[in-house]
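Down below is the structure, laid out as structure tokens.
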Protein chains: 2
Amino acid sequence: MSVTNTVVRRASLESCGSDDHEDCGLELILVRLGEQWTVRVLAELAGGPLRYRVLERALDGISQRMLTLTLRRLERDGHLLRHVEPTVPPKVTYELTELGHAFATQVATLVEWSRQHKEAINAAQDTFDASGRD
Amino acid sequence: MSVTNTVVRRASLESCGSDDHEDCGLELILVRLGEQWTVRVLAELAGGPLRYRVLERALDGISQRMLTLTLRRLERDGHLLRHVEPTVPPKVTYELTELGHAFATQVATLVEWSRQHKEAINAAQDTFDASGRD
DNA sequence: CGGCATCCGCTAGGATACTG
DNA sequence: CAGTATCCTAGCGGATGCCG
């Protein structure tokens, strides 16, 4: 797309990602997964580029704050690109990069696994709750 | 092991896992991953059963509170078993179940992936920080 | 439309002190 | 040794309001 991706964007929200990758290392990715919306956003964008508003509705329940934060962090990590068309009203599209797709695939695999073992986990929880607690 | 696994254990800490699996569904596993110690504990136990104290030292830096909480949650999910030998002083061993090993494997795969793409992510972050912010 | 700024509650998680 | 109970804070994340 020949869109003039406006790169200029100074301090956003609470400075987006404060994590210096100097110390945290590889666990960064686990932190991202813990941020409850990351996976959902990834899943939505896996199907193709989407606009901000579309994402907001698709995720239904997400606050603008978290959507923006999640998108910004994923963008910072190189998982997605942000295309801005400076029209009025503005039109912003988000699209997964190669890295983003790869990441999304990995996550999908994990989700798939958890789906398969969901019942086993639930059963274990029931047993645990029934035996240990009252 | 012919150990009388003492099952009785009432309200522990802040009731361990408050997540009713009725509503949250499969995202439970993502929540677990977000709990920063889960992966580490899983990694340690993947090598074989370990005692509480050994885990505490191996993880170095974890508080007893978090170690206990993490272990309890994993136990509740059916990922590990807790063996108690009611001697003085007591001897408690933690061991991954089949499910736990499977889970640990999955996580290991993900960590492996993140390790491989770590540099790409770091590079992306540098670019992002250099261009957008000052 | 696509954000950012702000207030504010909730909880993850560390530190500390105390039991069996 | 293997926890439990309590206090405390840093931050995630929701709700609201304003702006280009």
Side-chain angles (χ1 to χ4, degrees), chain A residues 3 5-6 8-19 24 27 30-41 49-73 75 82-94 132-133, chain B residues 3 5-6 8-19 24 27 30-41 49-73 75 82-94 132-133:
Chain A
V3 184
N5 193 335
T6 318
V8 281
R9 193 196 316 112
R10 292 137 302 178
S12 27
L13 297 167
E14 55 259 34
S15 76
C16 169
S18 312
D19 27 34
C24 61
E27 286 150 26
L30 282 324
V31 177
R32 282 286 171 281
L33 287 179
E35 289 155 4
Q36 64 178 129
W37 293 105
T38 317
V39 176
R40 308 273 306 268
V41 170
L50 291 176
R51 291 182 57 182
Y52 185 90
R53 201 81 224 290
V54 180
L55 272 171
E56 189 178 0
R57 299 196 192 194
L59 297 170
D60 186 59
I62 193 172
S63 59
Q64 288 151 327
R65 176 186 149 76
M66 287 321 295
L67 179 52
T68 303
L69 260 182
T70 304
L71 288 169
R72 195 86 356 121
R73 292 196 266 232
E75 182 192 0
R82 182 174 179 264
H83 302 286
V84 182
E85 292 177 68
T87 58
V88 232
K91 191 175 285 189
V92 181
T93 312
Y94 293 91
R133 304 176 56 199
Chain B
V3 183
N5 193 335
T6 319
V8 280
R9 192 193 318 109
R10 291 136 302 179
S12 29
L13 298 168
E14 57 260 32
S15 77
C16 170
S18 313
D19 28 34
C24 62
E27 286 150 25
L30 282 323
V31 176
R32 283 288 170 278
L33 287 179
E35 290 156 4
Q36 63 176 130
W37 292 106
T38 317
V39 176
R40 308 272 309 266
V41 170
L50 291 176
R51 293 182 56 181
Y52 185 91
R53 200 83 225 290
V54 180
L55 271 171
E56 189 178 1
R57 297 195 194 197
L59 296 169
D60 186 59
I62 194 171
S63 58
Q64 289 155 324
R65 176 188 149 76
M66 286 321 296
L67 179 52
T68 303
L69 259 181
T70 304
L71 288 169
R72 195 88 354 125
R73 291 196 268 232
E75 182 191 1
R82 181 173 179 265
H83 302 285
V84 183
E85 291 176 69
T87 58
V88 232
K91 191 175 286 193
V92 181
T93 311
Y94 292 92
R133 304 176 57 198

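Chain A is the first sequence line, chain B the second, and so forth, proteins listed ahead of strands; every chain is numbered from 1.
With rounding to whole Å, A/Leu33 atom CG is found 17 Å from C/dA12 atom P. Look at CD on B/Gln36: it is 12 Å from P on D/dC12, rounded to the nearest Å. The nearest whole Å value for the distance from the NE2 atom in A/His83 to the P atom in C/dG3 is 13 Å. Note: CG (B/Leu67) to P (C/dG14) measures 11 Å, nearest angstrom. In this structure, A/Leu69 places its CG atom 14 Å from P of C/dT6, rounding to the nearest Å. For B/Leu30 and D/dC12, the CG to P distance is 17 Å, given to the nearest whole Å. Here C/dT6 presents its P atom at 18 Å from CE of A/Met66, a figure rounded to the nearest Å. Separating the CD1 atom of B/Ile62 from the C1' atom of C/dA12 is a distance of 13 Å, rounded to the nearest angstrom.
Counting heavy atoms from C-beta outward, A/Trp37 and A/Leu69 have side chains that stay 4.5 Å or more apart. Using a 4.5 Å heavy-atom threshold, the side chains of A/Leu33 and A/Thr38 count as separate.
Taking CZ from A/Arg72 and CG from A/Leu67, the interatomic distance works out to 9.5 Å, rounded to the nearest 0.5 Å. Atom-to-atom distance recorded for A/Arg32:CZ and B/Leu30:CG is 14.0 Å, nearest 0.5 angstrom. The CZ atom of A/Arg73 sits 10.5 Å away from the OG1 atom of A/Thr68 when rounded to the nearest 0.5 Å.
Here B/Arg82 reaches the OP1 or OP2 of D/dG3: one of its side-chain N or O atoms lies under 4.0 Å away. Between A/Arg51 and the phosphate of C/dC1, there is no side-chain N or O to OP1/OP2 separation shorter than 4.0 Å.
Closest non-hydrogen pair, A/Pro89 versus A/Thr87, comes out as O-OG1, 2.8 Å. Taking all atoms of both residues into account, the shortest heavy-atom contact from B/Arg82 to B/Tyr94 is NE-OH, 3.3 Å. A pairwise comparison of heavy atoms in B/Leu55 and B/Leu71 identifies CD1-CD2, 3.9 Å as the closest pair.
Of the candidates D/dC1, C/dG13, D/dG13, D/dC1 carries the atom nearest the B/Arg57 side chain, counting heavy atoms from C-beta on. In the set C/dG14, C/dG3, D/dG13, C/dG3 carries the atom at the smallest distance from any side-chain atom of A/Tyr94. Side chain of B/Val92, nearest nucleotide from D/dT4, D/dA2, C/dG3: D/dA2. Of the candidates D/dC1, C/dG13, C/dC1, the closest approach to any side-chain atom of B/Glu35 belongs to C/dG13. Listed candidates were C/dG3, D/dG14, D/dG3. Nearest to the side chain of A/Thr68 is C/dG3.
One axis for each end of the helix from C/dC1-D/dG20 to C/dG20-D/dC1, each built from five base pairs, and the angle between them comes to 40° at 10° resolution.
Residues satisfying the side-chain hydrogen bond (donor to acceptor under 3.5 Å, both in side chains) criterion with B/Arg53, sequence neighbours excluded, are B/Glu56.
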Walk along nucleotides 15-20 of chain C from 5' to 3' and tag each nucleotide B, S or - by protein heavy-atom contact under 4.0 Å, base first, then sugar-phosphate. B-B--B
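Remark: side-chain polar atoms of A/Thr93 are not paired, donor with acceptor, to backbone N or O of A/Pro49 under 3.5 angstrom.
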